[in-house]
Amino acid sequence: MSASAEAAEPLGLLGRVDLPGVPESVACAREYVRQVLAGARYREWDDVVLLVSELVSNAVRHSDSGRRPDGRVTVTLAHVGDVIHVEVLDAGSPANAPLDPGELDLDGEGGRGLWLVNEVSAAWGWHEVPGGRVVWFQTEHNR
């Protein structure tokens, strides 16, 4: 490392919650995120709460987490400076991978969740992990 290079700021864990893969967990995830971000003294968190709601809803609806009696969804919040990083881990599904949100189909009955994540977040993506899938996003917020 050269003298002019700066070390990256470490990722600071804000919180993690493990929830059952049921529709009621969407509201639990929203409330958990509100409490964590308020406790960390973030002033604005509506976007984060909205996007967590979309991702947990997708996890329950489209992954094996919502199809198995013991299915789980895990929400993890972290920060680096003013960037909030959120990951939603579910059991994945061989038949349902997150699709590129592309253009919004105004006549469609669904498909707005990832479009919203794409529009509101600073960055987002997904990747497979052993035993599941992680969908993540980042937003910038001031304290």
Side-chain angles (χ1 to χ4, degrees), residues 1 5-143:
M1 177 193 250
E6 294 183 30
E9 186 176 343
L11 193 64
L13 182 65
L14 293 170
R16 180 179 175 186
V17 64
D18 188 42
L19 301 165
V22 296
E24 294 80 13
S25 289
V26 177
C28 294
R30 282 194 301 261
E31 183 58 28
Y32 177 76
V33 168
R34 278 188 204 103
Q35 289 178 8
V36 167
L37 294 179
R41 297 199 169 120
Y42 281 92
R43 291 180 291 203
E44 298 176 17
W45 57 74
D46 290 343
D47 290 349
V48 177
V49 171
L50 173 65
L51 299 183
V52 164
S53 181
E54 291 296 334
L55 293 186
V56 172
S57 179
N58 282 353
V60 169
R61 187 175 311 152
H62 300 296
S63 83
D64 289 346
S65 291
R67 294 184 189 97
R68 297 180 184 156
D70 62 342
R72 309 298 290 172
V73 176
T74 302
V75 178
T76 304
L77 292 97
H79 71 98
V80 176
D82 290 337
V83 175
I84 298 173
H85 179 89
V86 177
E87 294 185 351
V88 176
L89 168 67
D90 61 42
S93 169
N96 291 316
L99 301 174
D100 180 355
E103 295 290 320
L104 178 62
D105 178 4
L106 296 175
D107 296 324
E109 293 182 17
R112 289 173 177 78
L114 288 181
W115 177 85
L116 192 58
V117 172
N118 186 60
E119 292 297 309
V120 174
S121 69
W124 79 278
W126 65 277
H127 57 274
E128 302 291 336
V129 296
R133 176 177 299 132
V134 171
V135 181
W136 61 269
F137 69 87
Q138 295 178 341
T139 62
E140 293 186 32
H141 288 278
N142 296 321
R143 286 189 189 195

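Numbering starts at 1 and runs along the sequence shown.
- Residues Leu51 and Val86 have side chains not in contact (no heavy-atom distance under 4.5 Å, counting atoms from C-beta outward).
- Closest heavy-atom contact between Gly81 and Tyr42: O-OH, 3.3 Å.
- Partners of Ser57 by side-chain contact (heavy atoms from CB on, under 4.5 Å), not counting sequence neighbours, listed by chain and number: Val26, Arg61.
- In this view, Asp18 and Arg72 satisfy the salt bridge (Lys or Arg N to Asp or Glu O under 4.0 Å) rule, not counting sequence neighbours.
- Asn58 is not listed as a side-chain neighbour of Val135, based on a closest heavy-atom distance of 4.5 Å or more.
- For residues 45-59, no residue pair satisfies the salt bridge (Lys or Arg N to Asp or Glu O under 4.0 Å) rule, not counting sequence neighbours.
- Considering only heavy atoms from C-beta on, Trp124 comes within 4.5 Å of Leu114 through its side chain.
- With sequence neighbours excluded, the residues satisfying side-chain contact (heavy atoms from CB on, under 4.5 Å) with Ala27 are Arg30.
- Not counting sequence neighbours, the partners of Glu128 by the salt bridge (Lys or Arg N to Asp or Glu O under 4.0 Å) test are Arg133.
- Taking the six-membered ring for Trp and thresholds of 30 and 60 degrees, Trp136 and His85 have nearly parallel ring planes, at less than 30 degrees apart.
- For the side-chain contact (heavy atoms from CB on, under 4.5 Å) test, residues two or more places apart in sequence or in another chain that qualify with Val17 are Leu19, Tyr32, Val75.
- The side-chain heavy atoms of Phe137 and Val88, taken from C-beta on, include no pair separated by under 4.5 Å.
- Partners of Leu89 under the side-chain contact (heavy atoms from CB on, under 4.5 Å) rule, at least two apart in sequence or in another chain, are Thr74, Val129, Val134.
- For Gln35, the side-chain hydrogen bond (donor to acceptor under 3.5 Å, both in side chains) partners two or more places apart in sequence, or in a different chain, are Glu31.
- Note: Leu77 CG to Glu87 CD = 10.0 Å, rounded to the nearest 0.5 Å.
- Ser65 contributes a side-chain N or O that, together with a main-chain N or O of Ala91, makes up a donor-acceptor pair within less than 3.5 Å.
- Across every non-hydrogen atom of Val73 and Gly21, the tightest pair is CG2-CA, 4.2 Å.
- His62 is linked by a ring-ring contact (aromatic ring centres under 6.0 Å, His included) to nothing, counting only residues two or more places apart in sequence or in another chain.
- Distance CH2/Trp126 to CG/Asp90: 10.5 Å, rounded to 0.5 Å.
- Remark: Asp64 pairs with Arg67, Arg68 by the salt bridge (Lys or Arg N to Asp or Glu O under 4.0 Å) rule, at least two apart or across chains.
- Nearest heavy atoms, Ser93 versus Ser63: CB-CA, 4.0 Å.
- In this structure a side-chain-to-backbone donor-acceptor pair under 3.5 Å is present from Ser121 to Val117.
- Thr76 is not listed as a side-chain neighbour of Leu14, based on a closest heavy-atom distance of 4.5 Å or more.
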